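First up is the structure itself, then whatever we jot down about it.
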Amino acid sequence: MPASALALLNAIGASEGEWIAQNAAGGTVGRLVAQFAQSRGVNVVGLVRRRDGIAELADAGIGRIAATNEDGWRERVAEITGGAAIVHGVDSVGGPATGDMLSILADGAHLTLFGGMGSWQFEGSMNDIIFRGITIDGFWGSKVLPALTPDERTALFGEVIAKAVSGDITLAVEQRFALADIAAAVESHDRRGRTGKVLLTP
C-alpha cells in the first residue's frame with residue numbers, strides 16, 4: 001500500500017503548494033497519500049462519508065477533511081482550501097462519488113480513478129469533460145509499479161522506507177492476532193467499518 005500510494009502521488013504530479021482532493025480519505029491509501037503529500041508541501045483535502053471519520057483522521061494527525069453526508073460539504077471544502085483551485089482529484093469510490101469529486105475540481109483539473117469501493121460504474125457529467133476541460137485517467141498499481149525503471153523503483157522504495165523510519169507515514173492497526181488465531185483474524189479483516197489493518201504476529 002505505501003508503494004502504491006506514493007506511486008499514485010508521483011503519477012498525479014502535483015507541485016508544492018497545489019491542492020489535491022481525494023475521497024475514501026480514511027482508507028489506508030487515502031491516509032498514506034495525505035501523509036506523503038504533506039511531507040512534500042502538497043495540500044490535500046479529504047472526503048469521508050460520515051462525520052465520525054473526521055475525528056478518526058484527526059487522531060492520526062490528518063486534517064482538512066469534509067464529510068459528504070453533511071449539508072454544505074462543498075462549502076466546507078472551499079473553506080478548507082481558502083477558495084484555492086483544486087487541480088488534482090483522486091476517486092477511489094466510484095458511482096455518484098465520482099460526480100461529487102468532479103463538482104469540486106477546478107476547470108482544467110485532472111481526475112485519477114483509483115478504485116471502485118462503492119461502485120465500478122462511472123457516474124459523472126459530460127459537461128465536466130467537454131465544457132470544463134477536466135481530464136480523467138486511471139491508476140492501477142500492478143501495472144504502474146512493474147513499469148518503473150530500476151532507478152525509479154529504488155527511489156520509490158527508498159522514500160517509502162525513509163518516511164516510515166522518520167514517522168512521516170504511519171499505518172492504522174485495528175487488531176493484532178497470533179498466527180494460531182488466523183480464523184479470528186480473517187473475521188476481523190472482513191468486518192464492515194474496520195478502520196485499520198489486521199496484523200498477524202508470531
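Hydrogens, waters and symmetry mates are skipped; everything else that's a heavy atom, side chains included, is used. This is a predicted model, so every value here is computed, not measured.
Distance check: Leu179 CG to Thr201 OG1 gives 8.5 Å after rounding to the nearest 0.5 Å. We find the CH2-CG distance between Trp19 and Leu105 to be 13.5 Å, quoted to the nearest 0.5 Å. Rounding to the nearest 0.5 Å gives a distance of 9.0 Å between CG of Asn43 and CD of Glu16. Summarising the geometry, atom CZ belonging to Phe177 is positioned 8.0 Å from atom CD belonging to Glu187; distances are rounded to the nearest 0.5 Å. One finds the CD1 atom of Ile54 at 12.0 Å from the CG atom of Asp59 (value rounded to the nearest 0.5 Å). Taken from CZ in Arg49 to OG1 in Thr68, the straight-line distance is 8.0 Å, to the nearest 0.5 Å.
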Can Gln175 and His189 be said to form a side chain to side chain contact (heavy atoms under 4.5 Å, CB included), step by step?
CA-CA 9 Å; Gln175 278 183 289; His189 176 272; over 6 Å; no
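Transitive grouping of hydrophobic side chains (ILVMFWY, heavy atoms separated by less than 4.5 Å) keeps Ile12 and Leu113 in distinct clusters. Residues Leu111 and Trp140 do not share a hydrophobic cluster, defined by chaining ILVMFWY side chains whose heavy atoms lie under 4.5 Å apart. Residues Val29 and Ile169 fall within the same hydrophobic cluster, defined by Ile, Leu, Val, Met, Phe, Trp and Tyr side chains chained together at heavy-atom separations under 4.5 Å. Hydrophobic clustering of Ile, Leu, Val, Met, Phe, Trp and Tyr side chains at less than 4.5 Å, counting indirect connections, keeps Met101 apart from Val87. Cluster membership check: Phe122 does not share its hydrophobic cluster with Val93, using side-chain heavy-atom separations under 4.5 Å among Ile, Leu, Val, Met, Phe, Trp and Tyr.
Contacts of Glu70 classified as salt bridge (charged side-chain N to carboxylate O under 4.0 Å, His left out), with partners at least two apart in sequence or in another chain: Arg51. In this view, Asp128 and Leu102, Ser125, Arg132, Ile134 satisfy the side-chain contact (heavy atoms from CB on, under 4.5 Å) rule, not counting sequence neighbours. Ile161 meets the side-chain contact (heavy atoms from CB on, under 4.5 Å) test with Val165; sequence neighbours excluded. Listed by chain and number, the residues in a side-chain contact (heavy atoms from CB on, under 4.5 Å) with Leu145 are Ala3, Ser4, Ala7, Leu148, Leu156 (sequence neighbours excluded). Applying the side-chain contact (heavy atoms from CB on, under 4.5 Å) rule to Arg40 yields the partners Leu6, Leu9, Asn10, Val42, Glu159; only residues at least two apart in sequence or on another chain are considered.
The side-chain heavy atoms of Ile65 and Leu47, taken from C-beta on, include no pair separated by under 4.5 Å. Considering only heavy atoms from C-beta on, Met1 comes within 4.5 Å of Leu32 through its side chain. Counting only heavy atoms from C-beta outward, the side chains of Trp73 and Ile104 approach each other to under 4.5 Å. Side chains of His110 and Asp137 form a contact here, defined as non-hydrogen atoms less than 4.5 Å apart. The closest side-chain heavy-atom distance from Val45 to Ile86 is below 4.5 Å.
Taking the six-membered ring where tryptophan is involved, the planes of Phe139 and Phe114 are essentially parallel, since the angle between them stays under 30° and well short of 60°.
The heavy-atom pair separating Ala25 from Leu57 by the smallest distance is O-CD2, 3.7 Å. Of all heavy-atom pairs spanning Val198 and Ala185, the tightest one is CG1-O, 3.7 Å. Of all non-hydrogen atoms in Ala66 and Val77, the two that sit nearest each other are CB-CG2, 3.9 Å. Of all heavy-atom pairs between Val160 and Pro2, the closest is CG1-CB, 3.8 Å.
Residue pairs meeting the salt bridge (Lys or Arg N to Asp or Glu O under 4.0 Å) criterion with at least one partner in residues 77-89, sequence neighbours excluded, are Arg76-Glu79.
The environment of CG in Asp71 is sparse: at most 12 heavy-atom neighbours from other residues, nucleotides or ligands sit within 6.0 Å. Within a 6.0 Å sphere centred on CZ of Arg176, other residues, nucleotides and ligands contribute 12 heavy atoms or fewer.
Listed for the Asp181 side chain is no donor-acceptor partner under 3.5 Å among the backbone atoms of Ala184. Formation of a donor-acceptor pair under 3.5 Å by the Arg31 side chain with backbone atoms of Gly26 is found in this model. Of the possible polar contacts, one joining the Arg153 side chain to the Pro146 backbone as a donor-acceptor pair under 3.5 Å is found. Remark: side-chain polar atoms of Ser103 are paired, donor with acceptor, to backbone N or O of Asp100 under 3.5 angstrom. Side chain of Gln38 to backbone of Gln35: no donor-acceptor contact under 3.5 angstrom is found.
Using a 3.5 Å distance cut-off with no hydrogens or angles, the side chains of Thr98 and Glu123 do not pair a donor with an acceptor. Judged purely by distance below 3.5 Å, without hydrogens or angles, the side chains of Thr149 and Asp151 never pair a donor atom with an acceptor atom. Between Ser39 and Asp168, the side chains place no donor N or O within less than 3.5 Å of an acceptor N or O (distance only, hydrogens not considered). A donor-acceptor contact closer than 3.5 angstrom is absent between the side chains of Gln22 and Ser92.
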